[in-house]
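Remember, it's a predicted structure, so these values are computed and weren't measured experimentally. Residue numbers start at 1 and run along the sequence shown.
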Amino acid sequence: MSDIPDNFDVVVVGTGLTQSILASALARVGKRVLHIDRNEYYGEWNASHNLNELLVASESPSSGISQVDVVTTLREKRVPFLKCYSPYCSRKASRRPLGTRCYSPRCMACQPPVPSLEGLKDESRKYCIDLTPKVCLARGGLISLLISSNIGRYLEFKVVGETHVHMGDGYREVPCSKKSLLLNKAVPPKEKRLLMKLLQQCATDSENIEDGDKPIQEVLQAWGFSNEISEYIIYAIAGVSQDTNTKEARAAIRLYVRSIGQYGSTPFIYPLYGVGEVPQAFCRLCAVYGGTYVLRQPAEEFLFEEKDNRKTCIGIKMEGRDISADTVVASLATAPEEIKQLLTSGQTQSRAVVITDKPLLPNNKEPALLVTIPPTKLGNANTVRVLCVSSSLAVCPDGQYIVHFSTPGSETPKRDLEQAVNTLCPTALWTMYFAMQSLRLPSDIANDAIPAGLVLSSVDGENEIHFQNPIEEAERLFKTMCPEEEFLPAAPDPEDIVWDYDDPSVEASDNATQQQQQQQ
């Protein structure tokens, strides 16, 4: 730590998505950035963990996880060997490791390995389990930012192959094209025409919308949609609630429609290795432009002094050293204690992570599957988002699936989601219920309640289906800090960089070497 300077332009505390985007934007315009995190991993509450890390994080207050309840149908220990009674077994030994084959049709020991909790933990590193599972809209804010800033080269994505609504008695496919809508048997012919008309209108909407302040549920009923098709539109296509105003809902539908066909048949894509890769990509760009990173390092203390009759943050204390900075950025989870007393807790999010060896839909071979369960369909008070990801996304071992359940909390996570988990994943091998909390600054907080030089960002544990809030918040904070600068301009490709040496002797040496090579 002694080689770290004592002064920076900006110190960022926490590597959540908002802080990581902001740190990369600041480094990109030439700011000297120190980025630290109290955890040993990137992402804070937007991280992805392997199985053992998730179990360790569930006991750590800094992970944001609470109310943990683990349910498993696995035996504790694996069966190490099975005795082979087949005379046709090609192996000489009478006892063989479980799961090895002799290719004899009469050998009763040649069966797939029996899953066990011990075996699951042994393959822990093959899992990437999201704390806040989300998907990316193909034309949403995150993908647009990744493309415009050239950060997308650090990430890989695959298309979410299908989207469905579960109405309590089974799945209904959400139409993502004109053809799929016409072939959809769950939508009556009259409502197919209405739905097509609505989607076409939303795709070309201007900002001036009639009945924009009315709830979307009321407007859809006036159009003539049934309750079931209205739930399709509200919860699966727009991703909002019944009370959302029509202007906001139609903007969400417009983004959904415009994202269809961008990269595949559905509007959603998902990153390989989990959503924890997204904040890491922005951290890489920050490091490329000179950002300094230190993990397992909390801000031991925030330093303040009086300037112009106002309390001002001038840096942090790190391992006993004073690190001064013009601005300190901190997430609300890592803010000074005096600030935490002013916070309002957002609604707790109930989550369940399920490991299973069966896909949600029979014979489904898509990399990912998105399911929406409207309120009250499976004993859920609020909308449940279900994301099933497979081994083709490098998030679990071959032959297994990770199913994420998320809903705004009303009771304990297990009570909120148990019926949905049992209905969609009846053969679950391992399930972990837990709660995540969102932290927000009160809207009516006084301007002088937050010290000058201290910038605070929210903690995103919400049930939002995609990454819109962190992008908007990071850009807003950047504009307050650097109003004259462009937010994350495109970074050049490595092969396009032209090095400008400050030392003339180095440049002269290179020129001499080139002349010798030309003479040879």
Output the distance between atom OH (Tyr235) and atom OG1 (Thr372), rounded to the nearest 0.5 Å. 11.0 Å

State, yes or no, whether a side-chain contact exists between Met432 and Ile355 at a heavy-atom distance under 4.5 Å. no

Gly14 backbone acceptor or donor facing His35 side chain under 3.5 Å: yes

Tested for side chain to side chain contact (heavy atoms under 4.5 Å, CB included) against Val329, the lone hit among Leu456, Val33, Leu22 is Leu22

Using side chain to side chain contact (heavy atoms under 4.5 Å, CB included), reason through Phe478 and Ile21 one step at a time and then give a plain yes or no. CA-CA 9 Å; Phe478 176 81; Ile21 296 172; over 6 Å; no

Go through Thr431 and Glu418 one step at a time and tell me if the side chain to side chain contact (heavy atoms under 4.5 Å, CB included) criterion holds. CA-CA 10 Å; Thr431 305; Glu418 187 173 26; over 6 Å; no

Treating Thr356 as the side-chain partner and Leu429 as the backbone partner, does any N or O pair qualify as donor plus acceptor under 3.5 Å? no

Identify which one of Ser62, Ser63, Ser60 satisfies the side chain to side chain donor-acceptor pair (under 3.5 Å) criterion when paired with Asn39. Ser62

Heavy-atom side-chain proximity of Pro5 to Leu34 below 4.5 angstrom: no

With distance as the sole test, does Glu473 use its side chain to make a donor-acceptor pair with the main-chain N or O of Ser458 at under 3.5 Å? yes

Exam field: side chain Asp130 to backbone Thr132, donor-acceptor pair closer than 3.5 Å: no

Exceeds 12 heavy-atom contacts within 6.0 angstrom, atom CZ of Arg284: yes

Can any side-chain N or O of Glu300 pair as donor or acceptor with the backbone N or O of Glu319 at less than 3.5 Å? yes

Which heavy atom of Ser391 sits nearest a heavy atom of Pro397, and at what distance? CB-O, 3.4 Å

Any donor-acceptor pair under 3.5 Å linking the side chain of Asn382 with the backbone of Pro408? yes

Provide the closest heavy-atom pair for Arg153 versus Ala491 in the form atom of the first, atom of the second, distance. NH1-O, 4.0 Å

If we only count heavy atoms from C-beta on, is the Tyr42 to Asp37 side-chain gap below 4.5 Å? no

Give a yes or no on whether a salt bridge exists between Glu485 and Lys31, defined as a side-chain N under 4.0 angstrom from a carboxylate O. no

Got His164 and Leu361 here, is their nearest side-chain heavy-atom distance under 4.5 Å? yes

Side chain to side chain donor-acceptor pair (under 3.5 Å) assessment of Ser331 paired with Glu44: CA-CA 10 Å; Ser331 71; Glu44 204 171 42; 3.2 Å; yes

Atom pair OH/OG1 of Tyr256 and Thr163 - distance to nearest 0.5 Å: 4.0 Å

Would you confirm whether Arg28, through its side chain, and Ala490, through its main-chain N or O, come within 3.5 Å as a donor-acceptor pair? yes

Are Arg351 and Ser406 packed together at the side-chain level, in the sense that at least one heavy-atom pair is separated by less than 4.5 angstrom? yes

Out of curiosity, Cys396 SG to Tyr401 OH, how far, rounded to the nearest 0.5 Å? 8.5 Å

Contact between Phe302 and Pro451 at the side-chain level, heavy atoms closer than 4.5 Å - yes or no? no

Looking only at heavy atoms, which two atoms of Leu393 and Pro367 are closest? And how far apart? CD1-O, 3.3 Å

Side chain proximity check, Val386 to Leu424, heavy atoms < 4.5 angstrom: yes

Over 12 non-hydrogen atoms of neighbours within 6.0 angstrom of CD in Glu40: no

Using atom types as modelled and distance alone, determine if a side-chain donor or acceptor of Ser144 lies under 3.5 Å from a backbone N or O of Gly141. no

Closest heavy-atom contact between Thr266 and Gly161? CG2-O, 3.2 Å

Going from CZ on Arg321 to CG on Asp6, what distance comes out if it is rounded to the nearest 0.5 angstrom? 4.5 Å

So, do Glu277 and Glu156 sit near enough that their side-chain heavy atoms are less than 4.5 Å apart? no

Output for pair (Asn50 CG, Ser124 OG), nearest 0.5 Å, gives 3.5 Å

So, the side chain of Thr15 versus the backbone of Gly43: is there a donor-acceptor pair under 3.5 Å, distance only? yes

Check the pair Gln400, Glu123 against side chain to side chain donor-acceptor pair (under 3.5 Å), reporting the backbone distance first and the verdict last. CA-CA 12 Å; Gln400 292 186 10; Glu123 293 190 311; 4.6 Å; no

Once the angle between the rings of Tyr41 and His49 is folded into 0 to 90°, is it parallel (under 30°), tilted (30 to 60°) or perpendicular (over 60°)? perpendicular

So does Ala330 get a backbone contact from the side chain of Thr334, meaning a donor-acceptor N/O pair under 3.5 Å? no

Go through the steps for Leu145 and Phe487 under the test side chain to side chain contact (heavy atoms under 4.5 Å, CB included), then give the verdict. CA-CA 10 Å; Leu145 183 61; Phe487 179 66; 3.8 Å; yes

How many angstroms lie between CG in Asp416 and OH in Tyr433, if you round to the nearest 0.5 Å? 10.5 Å

Please report the closest heavy-atom contact between Ser24 and Cys286, naming both atoms and the distance. CA-CB, 3.8 Å

Check step by step if side chain to side chain contact (heavy atoms under 4.5 Å, CB included) holds for Arg310 and Asp308. CA-CA 5 Å; Arg310 185 179 178 185; Asp308 299 327; 5.6 Å; no

Closest heavy-atom pair and its distance - Ala238, Ala249: CB-O, 4.0 Å

